[in-house]
Novice: 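Please read through the structure below; I'll follow up with questions.
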2 protein chains.
Amino acid sequence: MPVQIKISEETFTPRQQAVLTAALDLLVENGDGLTMTAVARRASCSKETLYKWFGDRDGLLTATVQWQAAKVRMPTVDRSHLSAKVLRESLEQFARDLLTTIVGEVSITLNRTAITHAAQEKDSLGNIVLENGPLAIRRRLKPILEAARDARLLRFNSSEDAYRTFFGLVVRDVQIRLLLGDKALTQSNVEANIEADVKAATDQFLALYGAKANI
Amino acid sequence: MPVQIKISEETFTPRQQAVLTAALDLLVENGDGLTMTAVARRASCSKETLYKWFGDRDGLLTATVQWQAAKVRMPTVDRSHLSAKVLRESLEQFARDLLTTIVGEVSITLNRTAITHAAQEKDSLGNIVLENGPLAIRRRLKPILEAARDARLLRFNSSEDAYRTFFGLVVRDVQIRLLLGDKALTQSNVEANIEADVKAATDQFLALYGAKANI
DNA sequence: CCGCTGGCGTACCGTACGGTACGGTTCCGC
DNA sequence: GCGGAACCGTACCGTACGGTACGCCAGCGG
């Protein structure tokens with residue numbers, strides 16, 4: 001059973017969002033040096049309020065990650081007008097969004113935090129990030145791939161494999177190297193190459209899965 | 001300048017290796033609940049000895065990761081007898097080793113620890129894991145790819161791009177999902193598919209970069 | 001004007017853990 | 001056999017931080 005994501009119903013008040021913003025900022029700046037005292041001071045609120053609103057430190061962390069992760073937006077594609085051109089542009093848009101997100105400091109911080117969390121028995125943060133990261137992409141991309149197959153634009157047996165190949169072609173070793181703090185991969189350095197990488201990944205994906213007319 | 005890896009000169013005594021083993025075991029079992037007291041108790045040594053040998057907690061952690069990461073062995077390929085068959089087998093061997101390593105609990109733990117570490121200003125662990133993970137593969141794979149290009153078995157402009165594509169095709173979303181604790185990806189579950197994934201990734205890589213005779 | 005509620009600031013408590021000190025024991029060179 | 005080094009076990013210290021309690025003020029309904 002997948003994790004219940006209930007952003008819509010569980011709305012935060014503006015004041016609470018300010019607190020969450022402060023928490024996220026601290027997380028991004030300070031690594032995991034996120035202490036309740038620091039958040040309270042940054043947000044100009046009392047620790048008692050934090051505990052009242054979020055229960056405990058984990059609750060604050062979860063709320064922060066959940067609130068931020070839900071902000072990631074996926075491109076929407078009209079499946080009814082699928083042509084080779086539209087398909088390519090859609091794939092490029094997915095690749096661009098994916099790369100742009102992954103490279104961002106917020107994403108790096110959230111993934112690091114969730115991974116740190118997963119290193120203990122806790123997996124809630126990992127699930128949230130998964131659900132709003134790789135799995136969200138999978139959910140959005142698979143129908144498009146299948147529609148493209150139906151339109152004879154792509155050929156594959158398993159849409160799952162096709163999605164994962166696309167993911168691999170786009171992300172490559174960028175994410176793990178960023179998470180590990182590879183200094184050879186500065187953010188600006190990677191950002192400058194996003195367009196070229198997007199194009200290359202799409203070309204490669206279409207070369208592998210496209211009907212020959214679309215290569 | 002890359003990180004200096006000096007395992008060979010900086011040899012640990014058997015007793016010290018036993019301590020490092022205990023530390024690694026605790027790391028794998030307990031997530032990052034690695035306390036000096038726990039290591040001392042597990043290894044039946046005194047905390048004073050730990051501090052004497054490793055300086056501080058970070059030193060112990062670094063020694064553990066470094067010692068373990070250096071154990072990863074890469075396949076060696078004879079570049080002089082490169083045929084299409086040998087190339088394919090070499091690529092499959094790389095893919096197999098990479099996947100097998102990534103899936104292992106030790107690798108997951110080490111990567112998580114290094115990423116947690118990188119979330120603070122510390123990047124030493126990240127560098128060690130990088131150097132013995134992705135970058136080690138790059139170092140070993142690139143010469144082979146270039147030799148294959150010289151032998152007209154592969155075609156590409158940038159061996160860097162070729163390596164990164166190979167990495168992406170092999171790893172896909174497996175590593176990040178494992179790091180995030182995706183329960184849909186049990187270790188045994190993934191292990192069962194390694195052979196098929198290895199073959200698929202190699203096929204795809206050769207389809208993209210192989211001279212047509214080798215597809 | 002009064003009392004109540006929500007929230008700020010701060011002081012406080014308990015605990016976990018990094019790091020140190022010290023007494024006791026084993027082992028090795030002499 | 002003896003002195004010393006290495007090391008074990010444990011008690012101890014300081015601090016950082018999660019979590020709680022309390023005093024205070026502002027706003028607001030009556």
Side-chain angles (χ1 to χ4, degrees), chain A residues 10-65 67 109 112-114 116-122 124-125, chain B residues 10-65 67 109 112-114 116-122 124-125:
Chain A
E10 187 175 334
T11 285
F12 299 110
T13 69
R15 184 74 182 101
Q16 286 172 333
Q17 292 187 26
V19 170
L20 294 179
T21 302
L24 185 67
D25 287 350
L26 276 175
L27 219 53
V28 172
E29 292 172 21
N30 227 346
D32 73 339
L34 181 77
T35 72
M36 302 301 276
T37 307
V39 174
R41 189 157 40 220
R42 174 73 65 105
S44 292
C45 72
S46 72
K47 281 168 70 176
E48 196 169 16
T49 303
L50 291 184
Y51 285 101
K52 185 176 187 179
W53 285 349
F54 304 104
D56 57 2
R57 185 176 180 278
D58 252 30
L60 173 60
L61 217 50
T62 304
T64 305
V65 171
W67 174 68
T109 300
R112 279 181 179 160
T113 306
T116 301
H117 215 69
Q120 293 122 15
E121 61 270 19
K122 319 268 188 181
S124 54
L125 291 191
Chain B
E10 188 174 333
T11 286
F12 298 109
T13 69
R15 183 73 180 105
Q16 286 172 333
Q17 293 188 24
V19 170
L20 294 179
T21 302
L24 184 67
D25 289 349
L26 276 175
L27 219 52
V28 172
E29 292 171 22
N30 226 350
D32 75 338
L34 182 77
T35 70
M36 301 301 275
T37 307
V39 174
R41 191 157 40 222
R42 175 71 67 102
S44 293
C45 72
S46 72
K47 283 169 69 176
E48 196 170 18
T49 303
L50 291 184
Y51 284 100
K52 185 173 184 180
W53 285 349
F54 304 105
D56 56 4
R57 185 177 180 279
D58 252 29
L60 173 60
L61 216 51
T62 303
T64 304
V65 171
W67 175 68
T109 300
R112 280 181 178 160
T113 305
T116 301
H117 214 69
Q120 294 122 12
E121 61 271 19
K122 318 267 187 179
S124 54
L125 292 190

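Order of the sequence lines sets the chain letters (A, B, ...), proteins ahead of strands, with each chain counted from 1. Values below: every heavy atom of this structure, side chains too, minus hydrogens, waters and symmetry copies.
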Novice: Reading DNA chain D from 5' onward, which residue's closest nucleotide shows up sooner: Ser46(A) or Thr35(A)?
Specialist: Thr35(A)
Novice: Does Thr37(A) place a side-chain N or O at less than 4.0 Å from the phosphate oxygens OP1/OP2 of dC17(D)?
Specialist: no
Novice: Determine the minimum heavy-atom distance between Thr37(B) and Lys47(B), stating which atoms define it.
Specialist: OG1-NZ, 3.6 Å
Novice: Could you tell me whether a side-chain N or O of Thr116(A) sits under 3.5 Å from a main-chain N or O of Arg112(A), the two making a donor and an acceptor?
Specialist: yes
Novice: With a 3.5 Å distance limit and no angle check, can you tell me whether Arg57(B) reaches the backbone of Tyr51(B) through a side-chain donor-acceptor pair?
Specialist: no
Novice: Atom CG of Asp56(A) and atom C1' of dT20(D): how far apart are they, to the nearest Å?
Specialist: 14 Å
Novice: Do you know the tightest heavy-atom contact between Leu60(B) and Phe54(B)?
Specialist: N-CB, 3.6 Å
Novice: How close or far is atom P of dG19(C) from atom CG of Leu60(B), stated in whole angstroms?
Specialist: 10 Å
Novice: Rounded to the nearest angstrom, tell me the gap between atom CE in Met36(B) and atom P in dG9(D).
Specialist: 15 Å
Novice: Please classify the nucleic acid contact of Leu34(B) as base, sugar-phosphate, or nothing, using heavy-atom distances under 4.0 Å.
Specialist: sugar-phosphate
Novice: Side chain of Gln16(B), backbone of Thr13(B): donor and acceptor closer than 3.5 Å?
Specialist: yes
Novice: Think Arg57(B) has a side-chain N or O under 4.0 angstrom from the OP1 or OP2 of dA16(C)?
Specialist: no
Novice: Could you state the CG-P distance from Leu61(B) to dG18(C), rounded to the nearest angstrom?
Specialist: 10 Å
Novice: Look at the side-chain N and O atoms of Trp53(B) and state whether any lies under 4.0 Å from the OP1 or OP2 oxygen of dA6(D).
Specialist: no
Novice: What is the distance, to the nearest angstrom, from the CG atom on Leu50(A) to the P atom on dT10(C)?
Specialist: 15 Å
Novice: Quick one: which of dC22(C), dT20(C), dG18(D) gets closest to the side chain of Glu48(B)?
Specialist: dC22(C)
Novice: Any side-chain N or O of Arg15(A) below 4.0 angstrom from OP1/OP2 of dC8(C)?
Specialist: yes
Novice: How close or far is atom C1' of dT10(D) from atom OH of Tyr51(B), stated in whole angstroms?
Specialist: 14 Å
Novice: Which whole-number value in Å describes the distance from Arg41(B) CZ to dA11(D) C1'?
Specialist: 14 Å
Novice: Kindly point out which of dT20(D), dG9(C), dG6(C) is positioned nearest to the side chain of Lys47(A)?
Specialist: dT20(D)
Novice: What is the distance from NZ of Lys52(B) to C1' of dA5(D), rounded to the nearest Å?
Specialist: 8 Å
